[in-house]
Protein chains: 2
Amino acid sequence: MRPPKVLEEDVLESLTKVFREKGYEGASLSDLAEATNLKKASLYHRFPKGKQAMAEAVLQNVNKWVQENIFSVLQNEILTPEERLKNALSQISVLYSAGEETCIFRALSMRVGLELFEEQINSGMQLWIINFKEIGIELNFEEDEALDLALQTLIEIQGALVVSRTMRDKNIFSQTLQKIETRYLHRFL
Amino acid sequence: MRPPKVLEEDVLESLTKVFREKGYEGASLSDLAEATNLKKASLYHRFPKGKQAMAEAVLQNVNKWVQENIFSVLQNEILTPEERLKNALSQISVLYSAGEETCIFRALSMRVGLELFEEQINSGMQLWIINFKEIGIELNFEEDEALDLALQTLIEIQGALVVSRTMRDKNIFSQTLQKIETRYLHRFL
DNA sequence: GTCTATAGCTAGATAGAC
DNA sequence: GTCTATCTAGCTATAGAC
């Protein structure tokens with residue numbers, strides 16, 4: 001067992017970057033090899049099932065990051081619900097580099113990607129809804145209000161990422177996060 | 001001058017469908033030829049500059065449709081501002097097939113597409129902002145409120161398209177359009 | 001204007017040396 | 001575990017007959 005030239009986690013990070021920027025079909029194995037600093041054959045050694053397995057590993061790794069850095073923060077009973085929400089929103093800003101990077105779900109949700117990764121994308125989105133609904137309930141919203149608010153939160157995050165990218169204005173993203181916080185904490189807008 | 005086998009407008013419609021579903025890099029010339037019912041060489045006869053020119057023509061054609069069916073409706077002084085807004089929102093639902101089809105800007109806004117079509121995408125988005133700001137002003141919002149509202153409208157439309165697609169629930173899109181209408185007409189939410 | 005045929009290249013994937 | 005070299009299939013694009 002020879003030691004790896006590049007750590008598994010660094011490989012995943014590089015793969016994630018390429019899939020986010022170029023999408024599933026736009027990301028070529030040459031792109032992926034170059035980004036990871038490995039040759040194509042070495043990438044295949046790590047992922048014998050090929051490109052699809054690389055994208056699946058990326059999705060799994062992002063989901064894990066989100067669970068550890070966002071959902072678990074929302075559920076952390078040591079903090080007040082207000083603090084949890086604020087911390088989670090600031091981690092969301094980290095996840096998307098303040099609006100500069102796209103959502104991996106979106107990047108992989110063109111026709112081919114959606115067919116290949118439907119389950120992971122779908123269940124990943126459901127978790128966002130569940131966790132944001134729960135924090136809404138803890139902030140004293142009614143159950144159906146909390147569900148609407150969670151859905152609205154996802155819509156605004158995704159929309160702000162698209163609009164701030166296509167209009168090349170990342171303030172749009174940070175303003176949207178601020179608006180979400182205000183709505184949860186002050187019940188208006 | 002031999003008569004064309006397929007009308008120019010039908011070719012554009014088919015090309016649009018493929019680029020929306022698969023994105024720029026995911027759309028192969030084989031896909032495009034099959035969808036238009038033309039052979040690859042015939043497509044090159046119509047678009048001598050190749051695939052990039054096809055996507056540019058698609059963008060131009062969509063922008064024209066939006067101008068004629070959405071922006072001009074918003075500006076139609078024969079109708080009240082309320083009627084104009086309602087009509088425009090219902091045309092938006094047509095544009096996206098009630099949430100089943102994606103936005104062409106989004107489909108072409110991965111790295112490569114955004115580099116190639118930045119100008120058209122950027123100016124297209126600006127027009128949405130301008131037109132929705134104007135209808136807000138006509139509905140008696142202050143100028144800066146109207147701008148915020150226009151931006152929020154774009155964000156929600158784009159976000160609802162992403163979320164309703166990734167969660168496979170197109171009600172999300174129609175509910176969002178309803179919410180936008182309510183906010184413009186009744187000044188809450 | 002449309003087609004068949006094909007050029008030249010890059011894609012994803014594999015074999016086998018080290 | 002990583003590499004060079006290579007396979008086949010698909011890609012964008014073009015030539016030239018009809």
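Below, chains carry the letters A, B, ... as their sequence lines are ordered, and counting in each starts from 1.
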Student: Whole-Å distance between dG1(D) C1' and F47(A) CZ?
Tutor: 14 Å
Student: Take the protein atom CG of L32(B) and the nucleotide atom C1' of dC11(D), then report the distance between them rounded to whole Å.
Tutor: 12 Å
Student: Under the salt bridge (charged side-chain N to carboxylate O under 4.0 Å, His left out) definition, can you give me all pairs with a residue in residues 143-157 of chain A, not counting sequence neighbours?
Tutor: K133(A)-E143(A), E156(A)-R183(A)
Student: In terms of side-chain heavy atoms of K51(A), which of dT2(C), dT2(D), dA13(C) is nearest?
Tutor: dA13(C)
Student: Residues two or more places apart in sequence or in another chain: which of them pass salt bridge (Lys or Arg N to Asp or Glu O under 4.0 Å) with K170(B)?
Tutor: E100(B)
Student: So, is H45(B) close to the dT2(C) phosphate, meaning a side-chain N or O under 4.0 Å from OP1 or OP2?
Tutor: no
Student: In whole angstrom, what separates Y44(B)'s OH from dA7(C)'s P?
Tutor: 17 Å
Student: Please, which pairs that meet side chain to side chain donor-acceptor pair (under 3.5 Å) have at least one residue in residues 24-36 of chain A, sequence neighbours excluded?
Tutor: K22(A)-D31(A), S28(A)-D31(A)
Student: Are any of K40(A)'s side-chain N or O atoms less than 4.0 Å away from OP1 or OP2 of dA11(C)?
Tutor: no
Student: Is the cationic atom of R187(A) (NZ for Lys, CZ for Arg) positioned less than 6.0 Å from the six-membered ring centroid of F141(A) and within 45 degrees of its normal?
Tutor: yes
Student: Write out a two-atom table: protein N or O, nucleotide N or O from nucleotides 16-18 of chain D, distance below 3.5 Å.
Tutor:
none

Student: Hey, could you give me each pair passing side chain to side chain donor-acceptor pair (under 3.5 Å) that has a residue in residues 38-47 of chain A? Not counting sequence neighbours.
Tutor: none
Student: Would you jot down, in residue-number order, the residues of residues 21-30 of chain B having a non-hydrogen atom under 4.0 Å from DNA chain D?
Tutor: A27(B), S28(B), L29(B), S30(B)
Student: Please enumerate all residues that pass salt bridge (Lys or Arg N to Asp or Glu O under 4.0 Å) together with E119(A), with sequence neighbours excluded.
Tutor: none
Student: Applying a 4.0 Å non-hydrogen cut-off, can you work out what K39(A) is touching in the nucleic acid: base, sugar-phosphate, or nothing?
Tutor: base
Student: Identify whether F132(B) and V62(B) are in the same connected component of the hydrophobic contact network (ILVMFWY, side-chain heavy atoms under 4.5 Å).
Tutor: yes
Student: Picking from dC3(C), dA13(C), dT2(D), which would you name as closest to the side chain of L38(A)?
Tutor: dT2(D)
Student: Kindly calculate the angle separating the two end axes of the helix from dG1(C)-dC18(D) to dC18(C)-dG1(D), each obtained from five base pairs, and round it to 10 degrees.
Tutor: 0°
Student: Whole Å only: how far is the CG atom of D31(A) from the P atom of dC11(D)?
Tutor: 17 Å
Student: What pairs with E101(A) under salt bridge (Lys or Arg N to Asp or Glu O under 4.0 Å), at least two apart in sequence or on another chain?
Tutor: R20(A)
Student: Please set out all donor-acceptor pairs under 3.5 angstrom arising from side-chain atoms of residues 70-86 of chain A, sequence neighbours excluded.
Tutor:
{"from": "S72(A)", "atom 1": "OG", "to": "E68(A)", "atom 2": "O", "distance (Å)": "2.7"}
{"from": "Q75(A)", "atom 1": "NE2", "to": "N131(A)", "atom 2": "OD1", "distance (Å)": "2.8"}
{"from": "N76(A)", "atom 1": "OD1", "to": "I78(A)", "atom 2": "N", "distance (Å)": "3.0"}
{"from": "T80(A)", "atom 1": "OG1", "to": "E83(A)", "atom 2": "N", "distance (Å)": "3.1"}
{"from": "T80(A)", "atom 1": "OG1", "to": "E83(A)", "atom 2": "OE1", "distance (Å)": "3.3"}
{"from": "E83(A)", "atom 1": "OE1", "to": "T80(A)", "atom 2": "N", "distance (Å)": "3.0"}
{"from": "R84(A)", "atom 1": "NE", "to": "N76(A)", "atom 2": "O", "distance (Å)": "3.2"}
{"from": "R84(A)", "atom 1": "NE", "to": "L79(A)", "atom 2": "O", "distance (Å)": "3.2"}
{"from": "R84(A)", "atom 1": "NH1", "to": "L74(A)", "atom 2": "O", "distance (Å)": "3.1"}
{"from": "R84(A)", "atom 1": "NH1", "to": "E138(A)", "atom 2": "OE1", "distance (Å)": "3.2"}
{"from": "R84(A)", "atom 1": "NH1", "to": "E138(A)", "atom 2": "OE2", "distance (Å)": "3.3"}
{"from": "R84(A)", "atom 1": "NH2", "to": "L79(A)", "atom 2": "O", "distance (Å)": "3.4"}
{"from": "R84(A)", "atom 1": "NH2", "to": "E138(A)", "atom 2": "OE1", "distance (Å)": "3.2"}

Student: Just the rounded figure in Å: distance from P of dG1(C) to CG of N37(B).
Tutor: 17 Å
Student: Going by the rule side-chain hydrogen bond (donor to acceptor under 3.5 Å, both in side chains), which residues pair with E118(A) if we only count those two or more places apart in sequence or in a different chain?
Tutor: R168(B)
Student: What pairs with E21(B) under side-chain hydrogen bond (donor to acceptor under 3.5 Å, both in side chains), at least two apart in sequence or on another chain?
Tutor: R111(A)
